[in-house]
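Heads up: the structure comes next, in structure tokens.
Residue numbering restarts at 1 for every chain, and letters A, B, ... go by the order of the sequence lines.
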Amino acid sequence: MEENNVKNRYKAIVIGGSAGSLSVLFEVFPALKPVLDVAIILVLHRKYSGDSSLSDLLSTKTFLPTKEIDDKDPILPGHVYLAPADYHLLIEKNHFFSLDISEKINYSRPSLDVTFESAADTFGSSLVAMLLSGSNNDGTAGLKAVKDAGGFIIAQNPESAQMPYMPQSAINKMDMDLILDSRGIIDFINTINQ
Amino acid sequence: MIEDEEIDLLLNDVFEIYGYDFANYSKASLKRRIIRLFALDKFPSFAELRYRVRTEEDYLKRFIEEITVNVTEMFRDPAFYKVLRTEVLPILGTKPFIRIWHAGCSTGEEVFSMAILLQEANLLKKSLLYATDLNPSVLEKVRKGIFPLHQMKQYSESYIASGGVKDFSTYYTANYGQAKLNEDLSEKIIISTHNLVSDSSFNEFDLILCRNVLIYFDKDLQERALKLFDESLGALGYLALGSKETLKFSTIQSRYKQLDKEKIWKKTM
């Protein structure tokens, strides 16, 4: 890790989303600053497709370098990483990604809980985890693990979500550090570590 | 909360007592699997899990089964199988004899997928498929060739997407919720334990498939396994990896050329 990174409070933002989350990302991404000192890691439920067109699409929406993750890719600040379809995404202590095709969790692979829990174990209090729109309750247990490890947790405001169920079920279970709509998410990410 | 140090102690026991070396496995995945097993078997403390692994050989068997990931399917990534069908098998077919190694084959779904491709290309008779895994219990399932019937619908769809034109149900007999694959598919499959960490090359192959196995290894062990595959591949042989695995950062890369977009490389010297 680069020297200036050490003093930054937050090293990674893991964003988990399901049905209705893409429209939020398409609103947020074009408004992000072109240089950030955290890594943004996206874990989205999506139908399996062999191609990687979602990461291509996302990369047209942001100045930040965007990549669909290959196994053992390093996690670098200022980059956007997208979990590949049909793999769980784990985070190694030495800040590399690992992929895993074990059983689906919450009927999902990638599962948001799996990545939140793994990121919590690696990043502890230097992690932000964010839960967006969706219609199942994946992500709730993961946010709890992030919180327990000292991380910062955010839910999309259910009133602004196409599918409020997923952020609402997390909000019902624990105290969020913030509940934000798209505008709030943009401001939060653009001013992180300032 | 289970600490990393406790995991290390447990893995050290497993190595010292039983010889299974997980030191260079991906830590994040191993830790998750061990925590899962700890919860599944309702251990009151980590020390008791460790004690049980140390003292009960039968439990060690379960431990190995549960911490290694044995999720696999037939014709996973149909586009990959399509390239095997259209670009790789026609070339292998020019050889008098075809040797294929499925390294880390788990319960064998990919081995049977390959046997179907070979049979359809009329090449199965002159082929041998070596199916290896470190875990003896999954190999028992390869030997039986019996899979849950409810999965066959998806396998049939993937088979067709891979370019298959037959009625997939002609490849198995359904019975009591199980699908038994046709015996003739098994005839050329040779089953054996092999540990990519500790065992060496045992033959020369025309095609090695090791898909979604290297993801459970750290980079050092990935490199060691790739070198083992390199030593085990004949000239102009093919190496196939999982869709998110790569040769890109390996020292063997310079001798290989990737086919299209799929994770299949041809050895060029």
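In this structure, the portion of B:F217 lying under 4.5 Å from any heavy atom of chain A is its backbone and not its side chain. Heavy atoms closer than 4.5 Å to chain B are found in both the backbone and the side chain of A:L99. Proximity to chain A (any heavy atom under 4.5 Å) is shown, for B:T246, by neither the backbone nor the side chain. Heavy-atom distances place no part of A:L89 under 4.5 Å from chain B, backbone and side chain included. For B:V71, the parts lying under 4.5 angstrom from a heavy atom of chain A are both the backbone and the side chain.
Side chain to side chain, B:R36 and A:S102 fail the donor-acceptor criterion of an N or O pair below 3.5 Å. No hydrogens or angles considered: a donor-acceptor pair under 3.5 Å links the side chains of B:S243 and A:Y87.
By the neighbour-count criterion of 12 heavy atoms within 6.0 Å, atom CD of A:E159 is sparsely surrounded, having that number or fewer from other residues, nucleotides or ligands. The local environment of NZ in A:K104 is sparse, with at most 12 non-hydrogen atoms from other residues, nucleotides or ligands closer than 6.0 Å. Counting heavy-atom neighbours within 6.0 Å of A:K33 NZ, excluding the residue itself, gives a total above 12. Atom NZ of B:K266 sits in a crowded spot, with more than 12 heavy atoms from other residues, nucleotides or ligands closer than 6.0 Å. B:K61 NZ: 12 or fewer foreign heavy atoms inside a 6.0 Å radius. Within 6.0 Å of CG in A:N172 there are more than 12 heavy atoms belonging to other residues, nucleotides or ligands.
Interatomic distance, B:K244 NZ to A:D71 CG, rounded to the nearest 0.5 Å: 11.0 Å. The line from CG of B:D77 to CG of A:D86 is 7.5 Å long, rounded to the nearest 0.5 Å.
Put simply, of A:I91, A:N94, A:I101, the one with the most heavy-atom pairs under 4.5 Å next to chain B is A:I101. Between chain B and the residues A:L90, A:D100, A:D73, the largest count of heavy-atom pairs under 4.5 Å involves A:D100.
Salt-bridge annotation for A:K72 and B:E223: absent, with no side-chain N of the basic residue lying under 4.0 Å from a carboxylate O of the acidic one.
With respect to A:D121, the side-chain contact (heavy atoms from CB on, under 4.5 Å) criterion is satisfied by exactly one of B:K31, B:R32, B:K27: B:K31.
Residues A:E103 and B:N70 have side chains not in contact (no heavy-atom distance under 4.5 Å, counting atoms from C-beta outward).
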